[in-house]
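This chain uses plain numbering: 1 for the first residue, then up along the sequence. Computed from a prediction, not measured in an experiment: that's the story for all the values here. Read the numbers this way: they start at 1 and go in the same order the structure lists the ligands and their atoms.
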Amino acid sequence: MKRNGFCIWLTGLSGAGKTTISKKLIERFKEERFIEAMDGDEIRKGLSRDLGFSKKDRNEHNRRVIFCTKLLVRNGVIVNVALISPYRETRAFAKTEIPNMMEVFVKAPLDVCIERDPKGLYEKALAGEIKQFTGIDDPYEEPLEPDLIVETHKETVDESVDKIIAKAKELGYL
Ligand code: ADP
């Protein structure tokens with residue numbers, strides 16, 4: 001049976017909770033739908049392994065994800081994008097390219113992300129061992145009009161996931 005695909009685009013700082021939320025979303029849907037994750041860290045190990053963190057490279061990384069997501073969504077797959085995607089312009093481009101895309105701002109204050117530091121990257125960035133780290137010495141442009149904001153310092157992962165699913169229904173994607 002043909003189903004409508006859609007894209008849940010999670011944007012936010014490193015450590016805000018994108019990967020964690022994405023994994024939970026996949027668990028919720030995997031029995032009933034084709035669903036695929038586009039996780040920035042994973043894609044950087046493969047498709048984008050030649051790219052760094054300059055604005056040009058970040059945009060190219062995002063462009064590749066947008067291209068793949070578009071192909072999957074138009075074939076009925078739910079695609080969960082978990083990308084810092086720091087630039088408003090790139091996210092706006094994604095919206096023009098990907099059918100049925102909802103932009104979700106995964107929001108947590110920088111000090112909470114630094115405290116969590118799930119991959120130990122903030123420690124390295126603050127010590128100057130990693131350059132161009134979003135939130136430290138590279139910009140993050142907060143969404144001005146996202147479809148949804150989830151505040152991971154105030155909500156549980158399940159609450160954030162419930163809000164995302166409710167919004168997808170409200171938008172007519174589910
Ligand atoms: P990102 O993918 O945005 O870099 P991760 O999902 O890898 O972030 O890391 C987020 C960290 O925050 C994890 O260690 C996760 O367990 C923790 N965390 C605490 N509360 C939440 C929440 N409500 N939603 C998502 N993650 C949370």
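- Counting only heavy atoms from C-beta outward, the side chains of Arg28 and Asp162 approach each other to under 4.5 Å.
- Between Ala16 and ligand 1, an N or O atom pair is found at a separation short of 3.5 Å.
- Of all the heavy atoms of Glu155, the ones lying under 4.0 Å from any atom of ligand 1 belong exclusively to the backbone.
- Residue contact annotation: Ser160 has no non-hydrogen atom under 4.0 Å from ligand 1.
- For the pair Tyr87/Pro139, a side-chain contact is recorded, criterion being any heavy-atom separation below 4.5 Å from C-beta on.
- Within a 6.0 Å radius of NZ in Lys23, other residues, nucleotides and ligands contribute 12 heavy atoms or fewer.
- Dense packing is recorded around NZ of Lys163, with more than 12 heavy atoms of other residues, nucleotides or ligands lying under 6.0 Å away.
- Ligand 1 has no nitrogen or oxygen under 3.5 angstrom from a nitrogen or oxygen of Pro118.
- Thr152 pairs with exactly one of Lys18, Glu159, Lys107, Arg116 by the side chain to side chain donor-acceptor pair (under 3.5 Å) rule, that one being Arg116.
- Within 6.0 Å of CD in Glu89 there are 12 or fewer heavy atoms belonging to other residues, nucleotides or ligands.
- Under 4.0 Å is where a charged nitrogen must lie from a carboxylate oxygen, and between Asp158 and Lys24 at least one such pair does.
- With a 4.5 Å cut-off on side-chain heavy atoms, Phe29 and Ile165 count as touching.
- Ranking the protein heavy atoms by distance from atom 15 (C) of ligand 1 puts Thr20 OG1, 3.6 Å first.
- Near Thr156, meaning under 4.0 Å from any of its heavy atoms, are these atoms of ligand 1: 23 (N).
- For atom 8 (O) of ligand 1, the closest non-hydrogen atom on the protein side is Gly17 N, 3.2 Å.
- If you number the atoms of ligand 1 from 1 as listed, the ones under 4.0 Å from a heavy atom of Leu13 come out as 3 (O).
- Residue-ligand proximity: Gly12 is placed with every non-hydrogen atom at 4.0 Å or more from ligand 1.
- Protein heavy atom closest to atom 10 (C) of ligand 1, with residue, atom name and distance, is Gly15 O, 3.4 Å.
- Within the structure, the closest approach of Lys154 to ligand 1 does not fall below 4.0 Å when heavy atoms are considered.
- Among protein heavy atoms, atom 12 (O) of ligand 1 sits closest to Arg116 CD, 3.1 Å.
- Residue Glu123 qualifies as open at atom CD: its count of foreign heavy atoms under 6.0 Å is 12 or below.
- At least one heavy atom of Ser14 sits closer than 4.0 Å to an atom of ligand 1.
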